[in-house]
Enquirer: 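For reference, the structure I am asking about is given below.
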Amino acid sequence: MPINTSRLTAALTARVPARVRTGYWTRVVPVLALLAVVTHLPSFLRPVWSPDEGYLATQARMLADGGVLYDTVVDRKPPLLPWLYEACFAVFGSASLWPLRTLAIVAHLVTAVLLASLARGRWGNRAGAAAGAFYLLLSIGLSPEDTQAATFEVFMLPAMVAAFRYAERRRWLAAGIAVALCSLTKQTGGAVMLPVLWMLYQDVRHRGVPWRPALFKTAFGFTLPIALVAAILTKPKGFLFWVVTGSGDYATLGSNWLQMLGRALGNSGILLAAGLGFLAPVGYRFWLRRRGTLPTAQEEHGSTSDLWIWLLSSVVAVSVGFHFFGHYYLQLMPPLVLLGVGAVSTSAVRWRPVAVYSAVAATFFWGLAVFWPGQRLYQTTEVATAVAAQTTPKDTVLVWGMHPELYWLADRRPVSRYLTAGFLTNFSGGKDGRQVGEQYSVSEAWQTFDAELAKGYPEVVVDDSGTAPYNPELVPRIESLLESHYEVVGMTGDTVIYRLKR
């Protein structure tokens, strides 16, 4: 019997409330979706944007081959994103990251819609639409390698904004669950618990709501997902070590504080320049308040103490570890956008110049992403091609460096669970030679590494260290390995390719 599609469509439409069919969100969401796609189209122009993407892609292949997370597959990050990469590879294959880039756009869209909902509830329809749009324009307002990649912060943001939104609506169980999901994507996402608890405190203080049930719901919601993930993992102790307790040496300032300070100020300046259109009104509103010319109604309507607490907690999260990489700053964007939209809405500032500046700034960063120089990627691709030519799919490879995307681009298995030299030397971006070396490795890492090599040496070793403080000449075990068992078969730039002697 043929189906009357028009009648079926009418019946399904009738089930949707009229306010949804003809209302605010049916107009706003499609526009935000289009803006999310346009702003992040450049992400599809490159096979890989950052080492984090390469690390996650290599992890996903190792997991698909029977690897065990936090045992034979390790990283200092929670498990949700590696699992997402693994799932996408299982469905779409592991040759391309386009499914992850597509999901990253969806994550940005969800974040924008949640911000729109928050702003609309506080300052009205126009503010809601502006918050979603300004977030999407700002979301590319850093180096393209930090904003176009499908990495941890991008997938952390929807849960982070959801946690704040649930807390604002006094849905404490859901807020706790959202904080947990945020933390299980990246540890620093848990910082949103501070504004959640602040709103809980304000609710108890001003409304006389009993604090114990609310606090219990929040704590239970936070604990339950983490306990479930720990139960799913076959190595829950490894989960605790790699995600929480085992990163102390890695997350230290070290001695190269001038470079760290320069990176912090540089990325902060770039972000502020990208969002100046709606952040300048924040300063204007402070000026009005200082002069005492801000109307009382606007003062009350514009109360943003919870947003400032959120921003403060995000600043602390970005500063943890003192690395200040550009992609860390994505965590600052949601509270900054809401503060800016709130300032425009409550300070008699016109929307048009704010929107024009934001659009022009986003256009600049979009063009930057399209024409971003790719010398490093070209060299990495050339090295990966050479490695693939020197090996077979059954062979293993060791990349001695900080570019694990080589494994993924060459489609070759790592010989070790340690995909970068950082685990064996405590090196991380921005560090100088101090506290870098064999003696500063992750606990028992060299014993594990030696046991892995005892099962068979890698067919090829790629020395990608250049002049870094973990150069083989400064790491006796690696220098001895290369001198005893390998010969040079090629060089690309400062990268040396070794092959096992016959």
Side-chain angles (χ1 to χ4, degrees), residues 16-40 103-141 147 153-171 174-175 178 181-182 192 195-196 199 274-275 277-279 281-282 301-304 306-308 310-311 314 330-347 349-352 354-359 361-362:
V16 181
R19 61 183 176 83
V20 175
R21 294 199 307 270
T22 61
Y24 179 80
W25 293 111
T26 55
R27 297 191 300 271
V28 170
V29 172
V31 175
L32 294 181
L34 178 62
L35 190 57
V37 171
V38 171
T39 51
H40 293 90
L103 288 178
I105 292 177
V106 173
H108 281 299
L109 174 60
V110 172
T111 302
V113 171
L114 290 171
L115 288 172
S117 176
L118 281 164
R120 185 192 185 203
R122 294 181 177 223
W123 304 295
N125 288 351
R126 178 179 292 183
F134 289 161
Y135 164 75
L136 292 171
L137 295 174
L138 185 64
S139 67
I140 58 172
T147 59
E153 291 79 10
V154 172
F155 291 98
M156 175 185 74
L157 292 182
M160 183 178 76
V161 181
F164 189 91
R165 184 176 182 274
Y166 282 130
E168 186 185 60
R169 286 156 174 74
R170 281 81 185 175
R171 297 178 61 182
L181 294 177
C182 206
V192 74
V196 168
M199 285 186 278
F278 57 84
L279 292 177
V282 177
H301 188 58
S303 178
T304 53
D306 50 359
L307 296 179
W308 285 107
W310 188 5
L311 179 61
S314 298
L330 292 171
Q331 188 166 353
L332 300 178
M333 291 181 177
L336 283 176
V337 166
L338 289 176
L339 285 167
V341 168
V344 175
S345 300
T346 59
S347 303
V349 175
R350 291 189 304 158
W351 286 101
R352 179 171 293 180
V354 175
V356 169
Y357 182 93
S358 299

Enquirer: Looking at Phe164, I'd like to know if its CZ atom is crowded, meaning that more than 12 non-hydrogen atoms belonging to other residues, nucleotides or ligands lie closer than 6.0 Å.
Expert: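 Yes, the 6.0 Å shell around CZ holds more than 12 heavy atoms from other groups.
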Enquirer: Please find the pair of heavy atoms, one from Pro281 and one from Val344, that lie closest to each other, and give the distance.
Expert: CG-CG2, 3.6 Å
Enquirer: Distance-only check: which donor-acceptor pairs under 3.5 Å involve side-chain atoms of residues 330-338, not counting sequence neighbours?
Expert:
| residue | atom | partner | partner atom | Å |
| --- | --- | --- | --- | --- |
| Gln331 | OE1 | Thr188 | OG1 | 3.4 |
| Gln331 | NE2 | Thr188 | O | 3.0 |

Enquirer: Rounded to the nearest 0.5 Å, how far apart are CG of Leu339 and CH2 of Trp310?
Expert: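 Here the rounded value is 9.5 Å.
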Enquirer: Nearest heavy-atom pair of Ala178 and Ala162: which atoms, and what distance?
Expert: CB-C, 4.2 Å
Enquirer: List the atom of Pro158, the atom of Ala107, and the distance in Å for their closest heavy-atom pair.
Expert: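 Where Pro158 meets Ala107 most closely, the heavy atoms are CG-O, 3.4 Å.
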Enquirer: Given Ile105, which of Val37, Thr39, Val110 fulfils the side chain to side chain contact (heavy atoms under 4.5 Å, CB included) condition?
Expert: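 Passing option: Val37.
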Enquirer: Does Ala355 offer a backbone N or O that forms a donor-acceptor pair with the side chain of Ser358 under 3.5 Å?
Expert: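 No; zero donor-acceptor contacts below 3.5 Å.
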Enquirer: Please round to the nearest 0.5 Å and tell me the distance separating atom CE of Met160 and atom OG of Ser314.
Expert: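 Rounded to the nearest 0.5 Å, the CE-OG separation comes out at 5.0 Å.
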Enquirer: Find out whether Trp308 and Pro195 are in side-chain contact, i.e. whether some heavy atom of one side chain is under 4.5 Å from a heavy atom of the other.
Expert: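 They are not in side-chain contact.
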Enquirer: Do other residues, nucleotides or ligands put more than 12 heavy atoms under 6.0 Å from Arg171 CZ?
Expert: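 No, because the 6.0 Å sphere around CZ of Arg171 holds 12 heavy atoms or fewer from other groups.
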Enquirer: Can you check whether Phe155 reaches Leu103 side chain to side chain, under 4.5 Å on heavy atoms?
Expert: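 Yes - at least one pair of side-chain heavy atoms lies under 4.5 Å apart.
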Enquirer: Return the minimal non-hydrogen interatomic distance between Ser117 and Trp25, and the atom names on each side.
Expert: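 Shortest heavy-atom contact: N-CH2, 3.6 Å.
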Enquirer: How close do Trp351 and Ser345 get, heavy atom to heavy atom, and via which atoms?
Expert: CZ2-OG, 3.4 Å
Enquirer: Show me the donor-acceptor pairs within less than 3.5 Å that the side chains of residues 125-141 make with the rest of the protein, sequence neighbours left out.
Expert:
| residue | atom | partner | partner atom | Å |
| --- | --- | --- | --- | --- |
| Asn125 | OD1 | Arg120 | NE | 2.7 |
| Tyr135 | OH | His108 | ND1 | 2.8 |
| Ser139 | OG | His40 | NE2 | 3.3 |
| Ser139 | OG | Leu136 | O | 2.7 |

Enquirer: Listed by chain and number, what are the side-chain hydrogen bond (donor to acceptor under 3.5 Å, both in side chains) partners of Glu153, not counting sequence neighbours?
Expert: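 Once residues adjacent in sequence are excluded, the partners of Glu153 under the side-chain hydrogen bond (donor to acceptor under 3.5 Å, both in side chains) criterion are Lys186, His327.
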Enquirer: If you measure from CG on Asp306 to CG on Leu311, what distance do you get to the nearest 0.5 Å?
Expert: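 Output value for this atom pair is 11.5 Å.
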